[in-house]
Undergrad: 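Sharing a structure below in structure tokens format, with a few things to ask.
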Amino acid sequence: MPSPQPAKRWSLARRFLLISLTVVLTQSLASLLITRELRQIFLRGFLEKKLDRQAIAPLKDVNDQLDQLTAEQAKRCCTIQDYQRFLKPLRLYDGKVGMIVGNGGLASTRGSHVLFSQTHLHALADRAVASPRGFAMVENDEHEAVAVKAIKLPGGAATGHFVYLRPLYSRPLIHAQMMIKLASELTLILLTTAILIIAARRIFKPIRSISRELSEIELNTLQAATLSTAGAPVELLPILQEFNQMVERLQLSASNQKQFASTISHEFRTPLTVISGFIQSVLNRGESLAEQQRNALGIANQEVLRLNRMLSDLLDLSRADNHQLSIRREPFDLMPSLEHGLRLARAAHTNPIRDNLKGLPALEVIGDPDRLVQCISNLIGNAVKYSTPDSPISLEVRPNPKTVRLIVEDQGQGIPADQLERIFERFTRAEGVSIPKGQSSSGLGLSIVQMLMEAMGGTVTVRSTVGEGSQFSLELPLITQA
Ligand code: ADP
């Protein structure tokens with residue numbers, strides 16, 4: 001079954017940015033709409049009044065002429081010719097137009113046809129007559145706009161409406177203003193976004209630095225794991241204080257655990273040594289023992305020794321954690337230590353162990369000779385453990401100008417590449433490497449080798465190929481090469 005997709009998480013910074021941007025965008029949009037609406041209302045009110053005033057004079061002229069009609073003429077009024085006659089005296093400039101529209105048709109002031117077609121004039125006049133209060137603002141495709149005002153002339157439908165028209169030269173200007181407003185709003189949004197991003201970075205800086213500090217905390221560094229509260233934001237202060245108190249509790253518990261492990265290891269080793277001693281003495285003097293009893297005691301002795309070794313490892317680690325392990329860093333002659341290590345290994349294992357010690361010059365290195373022997377024994381022990389019984393092992397010494405490299409190589413199982421870093425962790429075994437029958441594995445050996453080598457100012461590294469074998473290298477500082 002496919003595992004469910006993890007829920008998408010949003011960082012605080014992202015939420016903060018999104019909310020702020022939504023606010024800014026809404027506010028800008030609202031401001032644009034309000035400005036547009038207000039301008040429209042203002043323009044309408046302003047223009048309507050202006051047109052009312054401007055239309056008074058020409059309307060009066062038309063009305064005067066209507067008043068002068070005789071009863072006979074009024075009865076026939078009004079034909080298109082009448083309209084034209086009424087409009088004749090009107091002199092309108094700057095694109096302004098006067099019209100009379102009614103049952104007789106549409107007549108307009110002189111020059112109007114240069115500006116507008118008859119159909120256009122008709123459309124504009126109809127629009128004005130149909131609009132509430134007779135006022136309308138009309139815009140054409142070229143963004144040219146006109147304002148029209150229709151006023152009913154006294155008399156019936158045949159008398160019609162007087163329609164006053166004036167161009168709105170300011171209309172493109174209004175558009176330009178709108179565009180400027182839009183551009184300024186956009187600039188404002190971009191600017192606000194930039195400021196918000198910088199602000200978010202600054203606001204979340206303490207959280208980032210806390211998470212950096214947290215990522216560096218390990219069990220070994222618990223002692224210095226408390227987080228600094230200086231300069232921390234008020235909101236984070238309770239969390240930091242809680243965390244620091246928790247670290248103090250953990251420190252106490254970790255130190256109790258280490259103390260416990262150290263005491264147990266120490267206390268167990270003495271009785272185990274005594275038990276092993278007694279078994280050994282019985283085995284040494286036990287000619288009368290039956291074969292079966294001898295074998296059983298031999299196994300018991302091996303197990304006791306194994307337990308003792310494990311306790312030594314635990315004790316070493318626990319002392320190292322408590323900074324109580326004293327590892328020397330002093331000059332010593334390398335060859336005798338290596339010869340000693342090889343003697344121990346050859347006595348303990350049946351595998352052939354080759355070396356290149358013969359013919360090498362005396363090498364003086366810095367470190368702890370006993371601990372180096374412990375490391376070599378550990379690596380040779382592993383080489384034997386993870387190889388077939390008679391598979392050859394080798395210890396090679398390679399002097400370099402400033403260091404000396406000790407290489408323990410086997411032709412055993414090899415270690416998968418993705419496990420190479422893990423094997424130096426405590427209680428960790430490589431996945432894919434099997435433990436041979438009758439052997440035990442605690443996952444402690446390599447972590448101790450690494451801890452000892454680092455304490456001596458050296459290093460341990462590994463190269464391995466599955467099915468071909470492994471190569472563990474110890475490197476120590478070299479003083480002289482005779
Ligand atoms: P242990 O051998 O007791 O498990 P170590 O810390 O010495 O613990 O080794 C850790 C793991 O590394 C082992 O469990 C094993 O999987 C792997 N390993 C160590 N040395 C070798 C080797 N020479 N060949 C193959 N695997 C090895």
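Whatever order the structure lists them in is the order used to number ligands and atoms, beginning at 1. Atom set for the values below is all heavy atoms of this structure, side chains included, hydrogens, waters and symmetry mates excluded.
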Undergrad: Do Leu190 and Leu186 come close enough that some side-chain heavy atom pair is under 4.5 Å?
TA: no

Undergrad: Quiz question: by atom type and distance under 3.5 Å, do the side chains of Ser391 and Gln411 form a donor-acceptor pair?
TA: no

Undergrad: Is it true that a side-chain atom of Gln419 and a backbone atom of Pro416 form a donor plus acceptor pair closer than 3.5 Å?
TA: no

Undergrad: Do Tyr386 and Ser470 have side-chain heavy atoms sitting under 4.5 Å apart?
TA: no

Undergrad: Under a 4.0 Å heavy-atom cut-off, which residues neighbour ligand 1?
TA: Asn382, Ala383, Lys385, Tyr386, Asp410, Ile415, Ile423, Thr428, Arg429, Ala430, Val433, Ser441, Ser442, Gly443, Leu444, Gly445, Leu446, Ser470, Phe472

Undergrad: What I want to find out is whether Glu303 reaches Arg306 closely enough, with some N-O distance under 4.0 Å, to be called a salt bridge.
TA: yes

Undergrad: Considering only distance and modelled atom types, tabulate donor-acceptor pairs under 3.5 Å from the side chains of residues 224-242, sequence neighbours left out.
TA:
residue, atom, partner, partner atom, Å
Ser228, OG, Ala230, N, 3.3

